[in-house]
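What follows is a set of notes on a single structure, which appears directly below.
None of these values were measured; they are calculated from a predicted model.
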There are 2 protein chains.
Amino acid sequence: MEREMELLWGLDRSEPRRGPKPGLSRGSVVAAAVALADAEGLEAVSMQRVAKELGYTTMSLYRYVDSKEDMLALMGDAVMDVEPPAPREDGDWRAGVEEWAHGVTNVYRLHPWSVYLPLSGPPSGPNGLRWMESGLRELVASGLETGPAVQILTMLSAAARETLRIELEMGRAARETGSTMADIGRDYSTGLRRVVTEERFPTIARLLREGALEEEPPPGSADGVAGPVDDMHFAVRRLLDGIEAYVERRRAAGAPERD
Amino acid sequence: MEREMELLWGLDRSEPRRGPKPGLSRGSVVAAAVALADAEGLEAVSMQRVAKELGYTTMSLYRYVDSKEDMLALMGDAVMDVEPPAPREDGDWRAGVEEWAHGVTNVYRLHPWSVYLPLSGPPSGPNGLRWMESGLRELVASGLETGPAVQILTMLSAAARETLRIELEMGRAARETGSTMADIGRDYSTGLRRVVTEERFPTIARLLREGALEEEPPPGSADGVAGPVDDMHFAVRRLLDGIEAYVERRRAAGAPERD
DNA sequence: CATAAACTGTTTATCTCATACACGTATAAG
DNA sequence: CTTATACGTGTATGAGATAAACAGTTTATG
């Protein structure tokens with residue numbers, strides 16, 4: 001944890017006094033890696049490949065980054081270098097939280113590979129913390145204590161990451177088979193139908209019967225389909241409802257109870 | 001998707017007619033890999049190592065598994081081979097859902113490496129589907145439609161995985177530095193204090209001031225500390241509150257509105 | 001100003017992996 | 001009995017991370 005924070009905040013690497021001018025910098029290395037991942041995916045990101053992209057030898061990268069693992073961690077924070085939503089003027093915290101959830105999703109969407117990065121704990125880099133600040137701010141505006149707000153935020157970002165991952169996976173499958181996202185949903189359904197029996201999986205069977213996995217495409221969505229991420233907001237709104245009820249209840253009771 | 005389902009359900013591999021008796025089976029290979037991961041972590045799982053564990057050569061594994069990727073997918077479903085909670089008699093769907101959330105967390109906890117497995121979509125293996133069925137059943141008992149129930153379940157399992165991952169990461173850090181989980185929480189706090197300023201991160205600053213990250217250990221928890229996973233249930237309960245309110249509202253309105 | 005310390009980028013080498021391919025052998029079907 | 005098939009092995013390839021030694025470049029310092 002210590003190490004990771006020093007890494008992400010650049011608190012190591014005191015500025016050098018002697019020796020040749022560095023041709024690269026930690027920033028340029030990370031930027032090249034990010035660009036490469038954007039263009040060809042995370043699998044394409046090897047030290048050799050990043051170095052080639054920069055026109056240097058593989059080992060030169062190790063002057064700027066201690067290991068590939070470190071580089072990946074830096075890429076993770078670099079991706080979040082987007083301004084999070086500004087504080088709302090209207091005090092509508094529900095809208096604020098939803099906006100935040102949309103925001104993170106969109107940030108990830110700009111660099112889809114980033115949802116596959118091996119994370120190691122809560123955010124600790126400058127950009128990650130900026131987003132955390134922004135999300136917490138809105139949640140605390142609801143009247144929640146800071147502790148509970150952290151729990152909620154964790155759930156929200158987990159859901160955003162996971163849901164987007166599923167959507168991306170569907171997109172990849174669609175691209176590979178040359179079909180649409182709607183087709184993939186149907187494929188999944190038919191796949192399930194092959195193994196889901198009424199006795200062993202009654203609820204899933206019902207799900208298939210009701211066609212919940214092959215939804216109506218609302219007009220105006222990217223590829224003609226809602227997609228998991230749009231659907232996610234149903235769950236987000238339930239969570240917001242729950243928070244509202246909780247805060248209300250506590251206010252009424254004079255804030256003694258915690259649950 | 002097609003391929004993955006056939007893999008996980010063993011719909012490929014028709015029984016062979018000629019040739020020597022196989023010394024291994026897909027099951028034994030996967031079991032060995034799981035055992036190895038349990039003992040030494042996912043990093044230790046290489047084809048070479050699994051083969052050695054079984055007393056065979058590396059390449060022999062490829063008679064049973066097409067690739068390491070496939071093996072990992074099989075391991076992922078194998079881990080879920082635990083009986084999910086049985087249907088509740090008392091009809092207390094809230095308790096049912098919480099029990100389910102505890103259940104998945106505990107299943108993952110038995111094989112911590114499993115939260116680091118690269119997932120590729122919604123569950124499609126027999127064991128994963130059993131858990132999905134169990135969770136959906138409880139959610140649907142609340143009065144939710146099947147579609148929305150899937151969204152909620154996705155959020156729940158994402159949160160469980162992510163939260164446990166954070167807890168495990170803390171545990172690893174604690175083990176490495178020879179300290180306790182409580183120490184790690186304090187370390188994170190002091191680390192943050194070094195970079196969190198009142199102007200740029202007012203809410204996080206408040207969080208630190210209130211010591212929300214260094215909580216009181218409730219008596220009787222593993223290592224003297226609540227840990228992220230216990231905390232998660234606050235968010236779970238809010239979500240349940242929200243579902244309850246939603247179902248109530250819909251019932252009152254004669255179930256026309258959806259949001 | 002000279003020189004040594006501190007850096008930079010390169011070369012070379014090592015180790016670990018996943019996986020392709022060809023081989024010898026066992027076994028059951030015809 | 002013979003032959004197609006499946007099994008386990010040996011060998012080989014190529015990618016990838018990273019360690020170590022080295023040669024060239026600045027700059028602080030005496």
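Across all strands shown, A/Ser67 has heavy atoms under 4.0 Å from sugar-phosphate atoms exclusively, and none from any base. Base contact: A/Met59 has a heavy atom under 4.0 Å from a base atom.
What separates NZ of B/Lys21 from P of D/dT5 is a distance of 18 Å, to the nearest Å. Rounded to an integer number of Å, the gap from B/Lys68 NZ to D/dA15 P is 18 Å. Here D/dA6 presents its P atom at 13 Å from OH of B/Tyr64, a figure rounded to the nearest Å. Separating the CE atom of B/Met71 from the P atom of C/dC17 is a distance of 12 Å, rounded to the nearest angstrom. The separation between A/Asp66 atom CG and D/dT18 atom P is 10 Å, rounded to whole Å. When rounded to the nearest whole Å, the span between CG of B/Leu61 and P of C/dA20 equals 13 Å.
In this structure, of C/dT19, D/dC7, D/dA28, it is D/dC7 that holds the atom nearest to the side chain of B/Pro22. In this structure, the nucleotide among D/dG8, D/dA17, D/dC22 sitting nearest to the side chain of A/Arg63 is D/dC22. Of the candidates C/dC17, D/dC7, D/dT18, C/dC17 carries the atom nearest the B/Gln48 side chain, counting heavy atoms from C-beta on. For B/Arg18, the listed nucleotide lying nearest its side chain is C/dA28; candidates were D/dT26, C/dA28, D/dC7. Closest to the side chain of B/Thr57, out of D/dG10, D/dA17, D/dA6, is D/dG10. Residue B/Tyr56 places its side chain closer to D/dG8 than to any other of D/dG8, C/dT8, D/dT29.
Phosphate contact (OP1/OP2 of D/dA20, side-chain N/O of A/Tyr62, threshold under 4.0 Å): absent.
Interatomic distance, B/Glu53 CD to B/Leu61 CG, rounded to the nearest 0.5 Å: 11.5 Å. Of the inter-residue distances, the one linking B/Ile204 atom CD1 with A/Arg130 atom CZ reads 11.5 Å to the nearest 0.5 angstrom. Taken from CG in A/Leu54 to NZ in A/Lys52, the straight-line distance is 12.5 Å, to the nearest 0.5 Å. For the atom pair CD (B/Glu43) and CH2 (B/Trp113), the distance works out to 11.5 Å, reported to the nearest 0.5 Å.
A heavy atom closer than 4.0 Å to some atom of DNA chain C occurs in B/Ser46, these being the qualifying members of residues 28-46 of chain B.
Using a cutoff of 4.0 Å between basic side-chain nitrogens and carboxylate oxygens, B/Glu133 and A/Arg200 are not scored as salt-bridged. Ion pairing between a basic and an acidic side chain is recognised when a charged N comes within 4.0 Å of a carboxylate O; B/Arg165 and B/Glu162 show such pairing.
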